[in-house]
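Computed over heavy atoms, backbone and side chain alike; hydrogens, waters and symmetry mates excluded. Every chain is numbered from 1, with letters handed out A, B, ... down the list of sequences. Nothing here was measured: the structure is a model prediction, and the numbers come from that model.
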Protein chains: 2
Amino acid sequence: MRTAGQAEAPQKVPGNQPKTARGEATRKAILSAAERVIGAKGYNEASIGHITSEAGVAQGTFYIYFKTKEEVFSELVLEMGRLVRHTIADATQNIQNRLEAEKAGLSAFLEFVRAHPDLYRIVQEALFVDPEAYREYYTAFEDGYRAGLSAAEAAGQISAGDAETRAWALMGIARALGEQLVVFNTEKPIPDLVATAYDLIANGIKP
Amino acid sequence: MRTAGQAEAPQKVPGNQPKTARGEATRKAILSAAERVIGAKGYNEASIGHITSEAGVAQGTFYIYFKTKEEVFSELVLEMGRLVRHTIADATQNIQNRLEAEKAGLSAFLEFVRAHPDLYRIVQEALFVDPEAYREYYTAFEDGYRAGLSAAEAAGQISAGDAETRAWALMGIARALGEQLVVFNTEKPIPDLVATAYDLIANGIKP
DNA sequence: ATGAAACATGAATCAGTATTCATGTTTATT
DNA sequence: AATAAACATGAATACTGATTCATGTTTCAT
């Protein structure tokens with residue numbers, strides 16, 4: 001475990017790591033069922049019974065792999081964070097110009113959100129179920145974002161301005177548009193959303 | 001109703017409207033206690049017992065004024081919506097220039113959020129507890145926002161661009177900065193946040 | 001002043017559901 | 001093929017907490 005290669009937080013030990021292929025598969029099935037069920041019903045309405053029956057295992061099996069209901073939830077939030085950051089990093093890593101990277105990153109984020117609406121809602125709910133995971137999720141983002149903006153400013157690719165506040169504002173834009181897709185089911189195609197947002201981010205709205 | 005003047009939604013009948021001054025006071029006490037308790041602990045952790053004891057009344061008294069736990073929650077979300085819209089409308093109504101109005105509105109919003117952190121968290125949680133109230137909250141905002149942007153565009157006060165998407169993006173910025181205050185407890189003074197955000201909104205970040 | 005409507009009480013009900021556990025079954029190693 | 005460790009089961013436990021209700025108390029119109 002602790003996956004050399006990525007090196008994520010080494011703190012808390014998971015309930016139980018599977019030691020055979022069968023166990024591995026069962027754990028994954030439960031995690032994936034939890035994503036769907038919690039994403040759809042919310043944390044409180046989603047019972048262990050719902051999750052295990054969706055996963056096709058007995059109720060007690062859940063506790064072989066997770067200590068508590070909250071633990072599986074936290075794991076989902078962490079996974080969401082890793083996936084999103086990875087997706088965005090992939091989409092932007094070869095782009096030198098910051099403004100172009102901004103556009104590509106936003107687009108990749110929105111595609112991801114549309115493909116994983118459950119994970120999106122789970123992160124929202126983390127504010128109440130697991131506040132620390134929630135803060136970590138956004139703080140990890142903000143760290144990278146701010147660093148990118150500072151570098152771009154130093155390189156003269158963007159104008160001067162407080163990188164931290166800008167990072168939060170830009171994340172807010174992405175989040176709001178993601179919510180359009182997942183919660184409000186807008187008809188607008190992602191490229192249109194990205195185009196409008198990009199124009200706002202690059203040029204502002206002054207005449 | 002699309003809000004002529006005040007005229008809020010007349011649809012659903014509340015559990016029970018008080019008919020005496022005493023009842024009025026008790027109902028208000030419960031509602032206010034609910035705001036504090038639910039805001040602090042979240043919907044699920046906040047029990048009726050917590051709320052009534054915070055309000056200084058017996059448990060059964062709750063059900064004289066509210067049919068269910070969910071009903072008091074929904075009422076809080078509605079109240080939050082009314083208050084925020086009212087606050088922003090007040091702060092911007094005498095400002096002709098759209099960009100200036102944007103700045104004043106954002107500032108008023110952030111001050112409000114700082115003064116009512118509980119209400120802010122309650123709206124977030126509505127996505128799971130009462131999704132319809134959540135959508136109404138943001139849709140009501142968006143309606144006004146979009147109309148304002150369209151008018152400003154027609155008047156040549158801002159550049160051309162899709163008003164709906166812009167409205168969502170700008171709301172996203174406000175929301176993200178509000179979260180900075182309430183969830184992440186930033187040290188930055190509100191005027192600094194507003195200044196950075198305003199520069200972004202007006203001019204963008206291109207060099 | 002008085003009776004009916006409003007309001008208030010808090011103990012009892014009732015249901016849901018997270019978690020545990022005693023008991024089997026499967027897998028991997030020898 | 002035998003055995004210990006892993007894995008799986010689902011019924012039983014244990015507890016929480018929303019809602020109800022039978023019984024007072026207060027308010028107010030007459």
Visitor: Taking atom C1' of D:dT19 as reference, at what distance in whole Å does atom CZ of B:Phe62 sit?
Guide: 10 Å
Visitor: To the nearest Å, give me how far apart CD (B:Glu70) and C1' (D:dT19) are.
Guide: 14 Å
Visitor: Applying side chain to side chain donor-acceptor pair (under 3.5 Å), name anything that partners A:Ser53, two or more places apart in sequence or on another chain.
Guide: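 Counting only residues at least two positions away or on another chain, A:Ser53 forms no side chain to side chain donor-acceptor pair (under 3.5 Å).
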Visitor: Would you please name every residue forming a side-chain contact (heavy atoms from CB on, under 4.5 Å) with B:Pro18, sequence neighbours left out?
Guide: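 With sequence neighbours excluded, B:Pro18 shows a side-chain contact (heavy atoms from CB on, under 4.5 Å) to B:Glu24, B:Arg27, B:Tyr65, given in chain and number order.
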Visitor: Please give, in whole Å, the distance from D:dT19 P to B:Lys67 NZ?
Guide: 12 Å
Visitor: Name all residues meeting the salt bridge (charged side-chain N to carboxylate O under 4.0 Å, His left out) criterion together with B:Glu54; count only those two or more places apart in sequence or in a different chain, and write none if there are none.
Guide: B:Arg36
Visitor: Looking at side-chain heavy atoms only, is the closest gap between B:Leu170 and B:Leu149 below 4.5 Å?
Guide: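 Of all side-chain heavy-atom pairs linking B:Leu149 with B:Leu170, at least one is under 4.5 Å.
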Visitor: Within this structure, what is the CZ-to-P distance between A:Phe73 and C:dA18, rounded to whole angstrom?
Guide: 14 Å
Visitor: Considering residues at least two apart in sequence or located in another chain, which fulfil the ring-ring contact (aromatic ring centres under 6.0 Å, His included) criterion with B:Tyr63?
Guide: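 ring-ring contact (aromatic ring centres under 6.0 Å, His included) check on B:Tyr63 returns nothing, list empty.
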Visitor: Which residues pass the side-chain contact (heavy atoms from CB on, under 4.5 Å) test with B:Pro191, sequence neighbours left out?
Guide: B:Pro189
Visitor: In residues 44-52 of chain A, which residues come under 4.0 Å of DNA chain C by heavy atom?
Guide: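 Only A:Ser47, A:Ile48 qualify.
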Visitor: To the nearest angstrom, how far is A:Ile30 atom CD1 from D:dC7 atom P?
Guide: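 In whole Å, D:dC7 P lies 11 Å from A:Ile30 CD1.
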Visitor: Starting from P on D:dT20, measure out to CD1 on B:Ile64 and report it in whole angstrom.
Guide: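 It is 13 Å, rounded to the nearest whole Å.
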Visitor: Who are the side-chain contact (heavy atoms from CB on, under 4.5 Å) partners of B:Glu164, not counting sequence neighbours?
Guide: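 B:Glu164 satisfies side-chain contact (heavy atoms from CB on, under 4.5 Å) with A:Gln180, A:Lys188, B:Glu142, B:Arg146, B:Asp162, B:Trp168 once adjacent residues are dropped.
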Visitor: Listed by chain and number, what are the side-chain contact (heavy atoms from CB on, under 4.5 Å) partners of A:Leu78, not counting sequence neighbours?
Guide: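 Partners of A:Leu78 by the side-chain contact (heavy atoms from CB on, under 4.5 Å) criterion, ordered by chain and then number, come out as A:Arg82, A:Glu136.
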Visitor: Between C:dA18 and A:Thr68, is there an OP1 or OP2 to side-chain N/O distance shorter than 4.0 Å?
Guide: no
Visitor: Angle, rounded to 10°, between the helical axes spanning five pairs at each terminus of the helix from C:dA1-D:dT30 to C:dT30-D:dA1?
Guide: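 Angle reported: 20°, given to the nearest ten degrees.
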Visitor: Identify each atom pair where a protein N or O and an N or O of nucleotides 21-27 of chain C are less than 3.5 Å apart, giving names and distance.
Guide:
none

Visitor: Atom CD of B:Gln17 and atom C1' of C:dC7: how far apart are they, to the nearest Å?
Guide: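 Spelled out: CD on B:Gln17 to C1' on C:dC7 is 15 Å.
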Visitor: Does A:Ile205 reach the side chain of B:Arg166, with side-chain heavy atoms less than 4.5 Å apart?
Guide: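 In contact.
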Visitor: Of the options C:dC7, D:dG10, C:dA8, whose atoms approach the side-chain atoms of A:Gln59 most closely?
Guide: D:dG10
Visitor: Could you give all pairs that pass the side chain to side chain donor-acceptor pair (under 3.5 Å) test and reach residues 106-119 of chain A, with sequence neighbours left out?
Guide: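 Sorted result for residues 106-119 of chain A: empty, none.
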Visitor: For residues 120-128 of chain A, which side-chain N or O atoms pair as donor and acceptor with protein atoms under 3.5 Å away, sequence neighbours left out?
Guide:
residue  : atom : partner  : partner atom : Å
A:Tyr120 : OH   : A:Arg175 : O            : 3.2
A:Tyr120 : OH   : A:Glu179 : OE1          : 3.2
A:Arg121 : NH1  : A:Gly39  : O            : 2.5
A:Gln124 : OE1  : A:Arg175 : NE           : 3.3
A:Gln124 : OE1  : A:Arg175 : NH2          : 2.7
A:Glu125 : OE1  : A:Tyr43  : N            : 2.9
A:Glu125 : OE2  : A:Tyr43  : N            : 3.1

Visitor: Measure from NZ on B:Lys69 to P on D:dT20 and round the result to the nearest Å.
Guide: 15 Å
